[in-house]
Novice: 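Sharing a structure below in structure tokens format, with a few things to ask.
Chain naming here is simple, since letters A, B, ... match the order of the sequence lines and numbering starts at 1 in each. All heavy atoms count here, side chains included; hydrogens, waters and symmetry mates do not.
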2 protein chains.
Amino acid sequence: MQRTSFKNMRRSLAQALELIGDWWTPLILRDVFLGLHRFDEVVENLGISRNLLARRLAMLATHKIIARKVYSRRPVRYEYRLTAAGEELVPILVALTAWGDRWSAPPGGAAIEFVHTACGHRFAPSIVCSQCGEEIDAATTVGAARPGAKSGPGVTVIARKLAQAT
Amino acid sequence: MQRTSFKNMRRSLAQALELIGDWWTPLILRDVFLGLHRFDEVVENLGISRNLLARRLAMLATHKIIARKVYSRRPVRYEYRLTAAGEELVPILVALTAWGDRWSAPPGGAAIEFVHTACGHRFAPSIVCSQCGEEIDAATTVGAARPGAKSGPGVTVIARKLAQAT
DNA sequence: CATAGTCAGTTCAATCATTCAACTGTCAGG
DNA sequence: CCTGACAGTTGAATGATTGAACTGACTATG
């Protein structure tokens with residue numbers, strides 16, 4: 001990767017995007033979550049080229065977002081499952097899917113619905129504040145530079161902006 | 001774009017990823033949300049190349065995720081703001097940021113925190129079921145092919161899988 | 001035993017996207 | 001007149017992605 005590395009920028013969004021910030025990775029994770037655990041199943045379902053899938057799976061495995069397990073010796077065959085980190089990504093993918101539905105639904109609507117088995121209902125995901133439980137949105141949310149954070153290349157511009165606003 | 005088009009696959013996640021499924025777009029949206037409304041501010045903050053930013057902004061504008069507004073004639077100058085669709089993406093970006101923090105926090109922790117001004121607290125985003133209000137996770141969530149949906153190229157494999165499970 | 005098929009990849013050429021740096025054009029202020 | 005801000009555009013070099021063919025270890029069928 002020749003892309004600008006964000007390793008020293010101490011920005012969590014960029015960190016997340018280094019792992020799942022491309023076209024295929026979220027789709028792969030969704031497929032694994034939905035029950036497609038084998039290489040060829042994912043290839044067939046997504047139409048991704050095999051070399052790219054191999055690379056993505058290797059990358060996701062080294063970052064422990066998915067786990068690679070032997071399900072057969074003779075011949076050696078692997079299957080893929082979500083780890084804890086991968087599973088915590090699922091609600092986000094669900095939310096993204098809902099957003100895609102809402103703002104660019106294809107004719108006929110979504111192909112997949114999500115069911116919350118805990119309560120038995122089909123549901124829409126909503127993202128709430130852990131403190132008060134209310135939905136968060138752009139109007140009631142403010143980003144702020146963390147007090148302790150050293151200002152890297154990127155933090156400066158935002159910090160300056162926020163200083164002006166004060 | 002020579003990428004496999006998902007236009008006919010009636011999948012909402014793929015739809016969403018066509019719009020924000022790349023490296024820079026989420027970062028651009030975050031910057032616009034955080035108060036960086038001008039071209040050069042974003043360039044400086046992200047280190048993105050100018051031609052790419054121009055293309056991304058044009059694309060986001062045509063899909064009405066951001067709006068391009070004239071803030072000065074003579075010379076003509078534009079600024080960028082989130083539309084309703086863009087603002088509904090913000091909670092998802094916040095959730096992604098939190099995930100990045102949790103699973104691959106850079107040394108020193110996050111550079112940015114989010115504050116919910118409605119209740120005044122710093123918060124962690126949590127994604128809950130719209131029906132019962134409980135947090136959703138991979139264990140209690142099931143994806144299902146929508147009854148009415150025509151099976152496109154991709155739906156088949158998952159549908160087959162789910163049929164086996166029944 | 002031979003043949004076909006499954007599975008999880010690897011290899012490679014062609015094509016596409018991204019980076020980096022330099023450039024354009026309009027205007028304001030000194 | 002000169003400098004600088006601003007919002008881009010242009011183009012060569014580099015990198016990533018696609019698509020198709022191939023490998024290698026096995027299993028199931030006739």
Novice: Measure CG/A:L36 against C1'/C:dA8 and give the value in whole Å, please.
Specialist: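 From A:L36 CG to C:dA8 C1': 15 Å.
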Novice: Please figure out whether A:S49 or A:R74 has its closest DNA chain D nucleotide nearer the 5' end.
Specialist: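 Here A:S49 is the residue nearer the 5' end.
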Novice: May I have the distance from B:I48 (atom CD1) to C:dT19 (atom P), rounded to whole angstrom?
Specialist: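 Rounding to the nearest Å, CD1 of B:I48 and P of C:dT19 are 7 Å apart.
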Novice: Taking atom types as they are modelled, is there a donor-acceptor pair under 3.5 Å from the base of C:dA8 to the side chain of A:R50?
Specialist: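 Indeed there is one.
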Novice: Let me confirm one number: the CG-CG distance from A:L46 to A:L52, rounded to the nearest 0.5 Å.
Specialist: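 Going from CG on A:L46 over to CG on A:L52, the span is 11.0 Å.
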Novice: Taking A:T117 for its side chain and B:T140 for its backbone only, find out whether a donor-acceptor pair lies under 3.5 Å.
Specialist: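 Side chain of A:T117 to backbone of B:T140, a donor-acceptor pair under 3.5 Å: yes, one is there.
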Novice: Please report, rounded to the nearest Å, how far the C1' atom of C:dC27 is from the CZ atom of B:R73.
Specialist: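 Value for this atom pair: 15 Å.
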Novice: With respect to the phosphate group of D:dT18, does any side-chain polar atom (N or O) of A:W24 fall under 4.0 Å of OP1 or OP2?
Specialist: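 Yes, A:W24 has a side-chain N/O under 4.0 Å of OP1/OP2 on D:dT18.
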Novice: What nucleotide, of C:dG9, C:dC27, D:dA7, holds the atom closest to the side chain of B:F39?
Specialist: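 Between C:dG9, C:dC27, D:dA7, the one nearest the side chain of B:F39 would be D:dA7.
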Novice: Ignoring hydrogens and angles, does a donor from either the side chain of A:R77 or the base of C:dC7 sit under 3.5 Å from an acceptor on the other?
Specialist: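 Yes, a donor-acceptor pair under 3.5 Å.
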Novice: Give a yes/no answer on whether the side chain of B:Y71 brings an N or O atom under 4.0 Å of OP1 or OP2 in D:dA5.
Specialist: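 It does not, given that no N or O in the side chain of B:Y71 lies less than 4.0 Å from OP1 or OP2 of D:dA5.
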Novice: Can you measure A:L52 atom CG to D:dG19 atom C1' for me and round it to whole angstrom units?
Specialist: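 Checked: the CG to C1' distance equals 11 Å.
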Novice: Nearest whole Å is fine: how far is C:dT6 P from A:E41 CD?
Specialist: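 Between P of C:dT6 and CD of A:E41: 13 Å.
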Novice: Using modelled atom types and a 3.5 Å cut-off, is there a donor and acceptor pairing between side-chain atoms of A:D31 and backbone atoms of A:L34?
Specialist: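 Pair absent, no side-chain N/O of A:D31 close to backbone of A:L34.
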Novice: Ignoring hydrogens and angles, answer whether the base of C:dT6 and the side-chain atoms of A:D40 contain a donor-acceptor pair closer than 3.5 Å.
Specialist: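 Checked by distance alone, the answer is no.
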Novice: C:dT10 C1' sits how many Å from A:L53 CG, rounded?
Specialist: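 It is 13 Å, rounded to the nearest whole Å.
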Novice: Is there a donor and acceptor pair, one atom on the side chain of A:R38 and one on the base of C:dC7, closer than 3.5 Å?
Specialist: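 Flag unset: no donor-acceptor pair detected.
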Novice: Could you check whether B:R68 gets within reach of a base, just the sugar-phosphate, or nothing at all, counting any heavy atom under 4.0 Å?
Specialist: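 If one applies the 4.0 Å heavy-atom cut-off, B:R68 turns out to touch the sugar-phosphate alone, with no base involved.
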Novice: Provide, to the nearest angstrom, the distance between the CD atom belonging to B:E79 and the P atom belonging to D:dA7.
Specialist: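 So the two atoms are 9 Å apart, to the nearest Å.
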Novice: How long is the line joining CZ of A:R55 and P of C:dT11, in whole Å?
Specialist: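 In whole Å, C:dT11 P lies 12 Å from A:R55 CZ.
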Novice: So, does A:S130 use its side chain to make a donor-acceptor pair with the main chain of B:P125 at under 3.5 Å?
Specialist: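 Not a single qualifying donor-acceptor pair exists.
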Novice: Look at the side chain of A:W103 and the backbone N and O of B:A16, then say whether any donor-acceptor pair between them is shorter than 3.5 Å.
Specialist: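 Answer holds: no.
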Novice: Looking only at side-chain atoms of A:N51, point me to the closest of D:dG8, C:dT10, C:dG25.
Specialist: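 The closest nucleotide is C:dT10.
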Novice: Compare side-chain N and O positions of B:Y80 against OP1 and OP2 of D:dG8 and report whether any pair is under 4.0 Å apart.
Specialist: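 Answer yes for this pair, as a side-chain N or O of B:Y80 is under 4.0 Å from OP1 or OP2.
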